[in-house]
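Structure first, commentary second.
Per chain, numbering begins at 1; letters A, B, ... match sequence-line order.
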Number of protein chains: 2
Amino acid sequence: MTCKAYHLFFRNLANPLKTKIIAELKGKPQTVTQLTQSIKEEQSKVSHALMNLRHCSIVTSKQKGKERVYSLNKKTIVPILKIIDKHRKDYCKQECNF
Amino acid sequence: MTCKAYHLFFRNLANPLKTKIIAELKGKPQTVTQLTQSIKEEQSKVSHALMNLRHCSIVTSKQKGKERVYSLNKKTIVPILKIIDKHRKDYCKQECNF
DNA sequence: ATGTCATATGAACATCAAATCATATGAATA
DNA sequence: TATTCATATGATTTGATGTTCATATGACAT
């Protein structure tokens, strides 16, 4: 089992910043600036994170004027999020608040 | 979204050693010694990895004489592995061999 | 063409997790 | 209870990953 891209994929779900972004994009597609505002993180952090997410096809982007709009690739992510929720219910106790 | 246990959970899937162990245990429950042999990794590495996996309820263990047998918590993991496979097919190209 | 807004990139640094190594615990058996 | 086999644990080193900051690119408007 040595699929680099595969491990990169899950590293995104192991990272608070990236899951914050995923959660935000679950609501609606957003530009980088919108994201930085809604999750209150620095622009370059967000851009770096989005780059990783894009490489793993977790998000897609399209140019719109001088902005770039990022969308969640729901096809792959939504089923995973469901399992996350289930697992959280089963095994995540009081220390959780998301 | 600040669930520590949740991110710990996915860190396991982001780690080659731990996914190797998961893949091995998919076949059948095994002792630590069996695992170290089948995946050819050091005992303490395997033990440390198993501890993490256990904390996240990805594996369970039961004592059997002086050995300890580890089993995969298939209820949670199998659906995730299915999504992994699908994602691999969709987005993982030639650089993958697992 | 220049300026401005939006985003991306690179390199240096900081942080955290994994590997390592030595040792401890625990169970069984003589 | 001393010994051996099996596994776990702790401390340290190492290595990878995220953060930061400064700067570059790119698109649009003037």
Side-chain angles (χ1 to χ4, degrees), chain A residues 1-25 28-72, chain B residues 1-25 29-72 95:
Chain A
M1 232 198 207
T2 50
C3 175
K4 207 180 163 198
Y6 157 66
H7 291 114
L8 284 174
F9 178 87
F10 281 103
R11 193 171 300 147
N12 288 296
L13 300 182
N15 181 274
L17 172 59
K18 286 163 196 156
T19 53
K20 258 207 238 176
I21 291 174
I22 290 173
E24 266 301 309
L25 292 181
K28 64 169 195 299
Q30 294 184 48
T31 67
V32 178
T33 300
Q34 285 176 314
L35 275 172
T36 61
Q37 288 166 353
S38 46
I39 68 177
K40 298 190 180 82
E41 298 278 359
E42 294 225 40
Q43 180 264 317
S44 76
K45 264 173 87 170
V46 174
S47 271
H48 277 126
L50 285 169
M51 187 183 57
N52 292 326
L53 291 165
R54 197 154 27 85
H55 281 153
C56 296
S57 305
I58 294 174
V59 303
T60 56
S61 68
K62 64 169 186 233
Q63 199 73 23
K64 194 185 174 186
K66 49 183 166 184
E67 299 175 332
R68 185 173 293 207
V69 182
Y70 281 87
S71 314
L72 191 61
Chain B
M1 231 199 206
T2 49
C3 175
K4 206 180 164 199
Y6 158 65
H7 291 114
L8 283 174
F9 178 88
F10 281 104
R11 193 172 300 147
N12 288 296
L13 300 182
N15 180 275
L17 173 60
K18 285 162 196 157
T19 52
K20 257 207 240 179
I21 291 174
I22 290 172
E24 265 302 309
L25 293 179
Q30 294 184 49
T31 67
V32 178
T33 301
Q34 285 177 315
L35 275 172
T36 61
Q37 288 167 351
S38 48
I39 68 176
K40 298 190 180 83
E41 296 278 359
E42 295 225 38
Q43 180 265 317
S44 77
K45 267 173 84 170
V46 173
S47 271
H48 277 126
L50 285 168
M51 187 184 57
N52 291 326
L53 291 166
R54 196 154 28 86
H55 282 154
C56 296
S57 304
I58 294 174
V59 303
T60 56
S61 68
K62 64 170 186 230
Q63 200 73 23
K64 195 186 174 186
K66 50 184 167 182
E67 298 176 332
R68 186 173 294 207
V69 181
Y70 282 86
S71 314
L72 191 61
E95 75 256 55

Completion exercise
Output for pair (A:Leu35 CG, A:Lys40 NZ), nearest 0.5 Å, gives 13.0 Å
Fill in the blank from the handout: Those residues at least two apart in sequence (or on a different chain) that pass side chain to side chain contact (heavy atoms under 4.5 Å, CB included) with B:Gln34 are B:Gln30, B:Thr31
Practice task
Look up atom CZ in B:Phe10 and atom CG in A:Asn15, then write down how far apart they are to the nearest 0.5 Å.
Solution key: 12.5 Å
Exercise for the section: Would you kindly give the CZ-to-P distance between A:Arg11 and C:dC16, to the nearest whole Å? Expected result: 16 Å
Practice task
Just jot down the side-chain hydrogen bond (donor to acceptor under 3.5 Å, both in side chains) partners of B:Arg68, sequence neighbours excluded, or say none.
Solution key: B:Gln63
Handout entry: Boundaries of the DNA chain D segment in contact with chain A, non-hydrogen, under 4.0 Å
Key = D:dT17 to D:dC28
Problem - Nearest-0.5 Å distance, CD of residue B:Glu24 to CD of residue B:Gln37 - result: 11.0 Å
Completion exercise
One should read off an interatomic distance between B:Leu13 CG and B:Ile22 CD1, to the nearest 0.5 angstrom, of 5.0 Å
Provide a list of protein-nucleic acid N or O atom pairs under 3.5 angstrom, restricted to nucleotides 27-30 of chain C.
unit_1	atom_1	unit_2	atom_2	d
C:dA27	O3'	B:Gly65	O	3.4

Problem - Validation row: A:Val46, A:Ile39 side chains within 4.5 angstrom (heavy atoms) - result: yes
Identify all side-chain donor-acceptor contacts of residues 47-58 of chain A below 3.5 Å with residues at least two apart in sequence or on another chain.
unit_1	atom_1	unit_2	atom_2	d
A:Ser47	OG	A:Gln43	NE2	3.1
A:His48	ND1	A:Ser44	O	3.1

Completion exercise
Between its two end axes (five pairs each) the helix from C:dA1-D:dT30 to C:dA30-D:dT1 turns, nearest 10 degrees, through 20°
Exercise for the section: Could you pull out all residues at least two apart from A:Lys66 that satisfy side chain to side chain contact (heavy atoms under 4.5 Å, CB included)? Expected result: none
Practice task
Rounded to the nearest 0.5 Å, what's the gap from NE2 on B:His7 to CG on A:Leu17? Could you check?
Solution key: 9.5 Å
Practice task
Tell me which residues in residues 36-49 of chain A put a heavy atom below 4.0 Å from DNA chain C, sorted by number, or none.
Solution key: A:Gln43, A:Ser44, A:Ser47, A:His48
Practice task
Compare every heavy atom of A:Leu25 with every heavy atom of A:Val59, then report the nearest pair and how far apart it is.
Solution key: CG1-CD1, 3.7 Å
Problem - Minimum heavy-atom distance between B:Thr36 and B:Thr33, given as atom pair plus value - result: OG1-O, 2.6 Å
Practice task
For A:Glu41, check salt bridge (Lys or Arg N to Asp or Glu O under 4.0 Å) against everything at least two apart and list the hits.
Solution key: A:Lys20, A:Lys45
Handout entry: Value in whole Å for how far the C1' atom of C:dA18 lies from CG of B:Leu53
Key = 13 Å
Exercise for the section: Take the protein atom NE2 of A:His55 and the nucleotide atom C1' of C:dT9, then report the distance between them rounded to whole Å. Expected result: 11 Å
Practice task
Just call it for A:Leu17: base, sugar-phosphate, or nothing, with non-hydrogen atoms closer than 4.0 Å on any strand.
Solution key: sugar-phosphate
Completion exercise
Result for 5'-nearest mapping on DNA chain D, choosing between B:Glu67 and B:Ala14, is B:Glu67
